[in-house]
There are 2 protein chains.
Amino acid sequence: MPDTPAVTARGPIARPAPLRQAVYDALTELIINGSLKPGQHLVEAELAEELGVSRQPIREALQRLHTAGWVDLRPSQGAFVHSPTTEECSQLLSVRALLETRSARDAARHATPLDVARLWELQRAGVTALAAGDARAIVEANADLHGHITLLSRNAVLAELIPQVDRRVRWYYMPIARPRGQDAWNEHALIIEAIADGDPDLAEELMRRHTRNTTDFYCQQIAAVTGSAGLPVDLP
Amino acid sequence: MPDTPAVTARGPIARPAPLRQAVYDALTELIINGSLKPGQHLVEAELAEELGVSRQPIREALQRLHTAGWVDLRPSQGAFVHSPTTEECSQLLSVRALLETRSARDAARHATPLDVARLWELQRAGVTALAAGDARAIVEANADLHGHITLLSRNAVLAELIPQVDRRVRWYYMPIARPRGQDAWNEHALIIEAIADGDPDLAEELMRRHTRNTTDFYCQQIAAVTGSAGLPVDLP
DNA sequence: CGATCGATGATTGCATACAGTATTCTGCAT
DNA sequence: ATGCAGAATACTGTATGCAATCATCGATCG
């Protein structure tokens, strides 16, 4: 049948991308890169004009941003960029450690050689970014690597939950990305090897250490600069 | 100052409850109790009329239901009640076990005598419901108990994440609530004792067993009635 | 008789308009 | 000068209207 040639098999064909999705992406980006600061009041009309859409898609995006933990939604007052407390950060890191440890274990059980090759690719990208000293790129590469391990766990629920936590962690610990870079990426390499060997116990243990190190390092940094830079504390 | 008498000190005073919240609650209720069946197409206009509001709050609620995993949102086609696959259920149970095990551990470290008393209250409620044979009430009591343990973990992120998973699990395993009731509530009692004793290791281990038992039982039930009742499999 | 194409109805996505509420500013009394 | 009262303002919450898109059904052609 040469009548249906062009369509190969790549999933549900391109649906018209809903505007709310674009708005959602735009706003998360603005929050992550700091254009919208914690505690800042997000006025729907302003955002609407800035992004060139009406208030409706803005509101729908804000709903999603709320459940994802990016903004707080106070009735009759509107949306405010979420201000994380140090306590919340430590809790987030704690939960992240739990979930990632599990995903590393499952990844070691399911990964194929092709998957492992992809992991090494991401590892190289991270090391490159580290050498270049680009904190932004380091954090992103880190998220990509961890995210891929998540996928390899073959657990859709995990893969759906972890980014919710991880993207926020990513945002919080931007400032510490560079200093801990070297150690972190060495640990990554060990984890990948464990996954490649199909050794669940080892992968789990290594990831446990890795996340613990990251958490500890983060807490030290916080303690050192308590409240001064990077992280605002509490909201009124 | 007799001018401000009624307001005691219970947090932010009563804000006008947004309509979208009521809609959200109403729809989750309708999904859980089966009035809205998996795969069913949710037409905004119908829901709006049925609940006596306009389409706007409906849409906002649907956004939240989407991110919470209750409905699937297909662009230009609307909202459909999510159809869980057996695979997804097992993954959900797996993640729930992970999170609850952790929360039990932390609860044992933080619980006060007052907290424990509250746990025993909930336990009694569950046993009562069990005796009455009311599956609906059993499931609810179960969720309440687990939810309170979550709170005792003093980890806001956990407390926020677990219900996301747990409420869905609750929905899925309604059918098995009664048969496993007796064992489940015996295990609950042991867990509460461990928490009361402030024994994190024991609480963790007991919760691990408890969730594993539940998961196993669930999988058996599924295998027994494969696809026949209770759970629809896959969507087209 | 089956399949393809086109028309119709239904439904979503987006924009706009209106009403209710919180905040802020101004003026006044103390 | 300071504290309070009242009005004006700004923003959110909700409702409605319109255009674009998708699914369904019927007619036409092979």
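By the ring pair (Phe, Tyr, Trp, His ring centres under 6.0 Å) test, A:His41 is found to be paired with A:Phe80, residues two or more places apart in sequence or in another chain being considered. For the side chain to side chain donor-acceptor pair (under 3.5 Å) test, residues two or more places apart in sequence or in another chain that qualify with B:Thr67 are A:Thr67. Take B:Asp134 and apply the salt bridge (Lys or Arg N to Asp or Glu O under 4.0 Å) test, not counting sequence neighbours, and it matches no residue. When the salt bridge (Lys or Arg N to Asp or Glu O under 4.0 Å) test is applied to A:Glu49, no partner is found at least two apart in sequence or on another chain.
Applying the salt bridge (Lys or Arg N to Asp or Glu O under 4.0 Å) test to pairs two or more places apart or on separate chains, those with a residue in residues 83-104 of chain A are A:Glu88-A:Arg168, A:Arg96-A:Glu100, A:Arg96-A:Asp166, A:Arg102-A:Asp106. Under the salt bridge (Lys or Arg N to Asp or Glu O under 4.0 Å) criterion, the residue pairs touching residues 54-65 of chain A are A:Arg20-A:Glu60, A:Glu44-A:Arg55, A:Glu44-A:Arg59, A:Arg59-B:Glu60, A:Glu60-B:Arg59, with sequence neighbours excluded. Legend: salt bridge (Lys or Arg N to Asp or Glu O under 4.0 Å) pairs involving residues 26-41 of chain A, not counting sequence neighbours, sorted by first then second residue: A:Glu29-A:Arg136.
Per the geometry, CG belonging to B:Leu62 stands 15 Å off P belonging to C:dT11, to the nearest Å. Rounded to whole Å, atom C1' of C:dC14 lies 13 Å from atom CD of B:Gln63. The nearest whole Å value for the distance from the CG atom in B:Leu73 to the C1' atom in C:dT11 is 13 Å.
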**OP:** Sugar-phosphate means primed atoms, P, OP1 and OP2; the rest is base. With that split, encode nucleotides 8-17 of chain D 5' to 3' as B, S or - using protein heavy atoms under 4.0 Å.
**Re:** ---SBBBBBB
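Comparing the end axes of the helix from C:dC1-D:dG30 to C:dT30-D:dA1, each fitted to five base pairs by superposing C1' atoms of four pairs onto the next four, gives an inter-axis angle of 10° (nearest 10 degrees).
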Original post:
What do the steps show when you test B:Asn155 against A:Ser94 for side-chain contact (heavy atoms from CB on, under 4.5 Å), and what is the final call?
Top reply: CA-CA 9 Å; B:Asn155 184 324; A:Ser94 156; 4.0 Å; yes
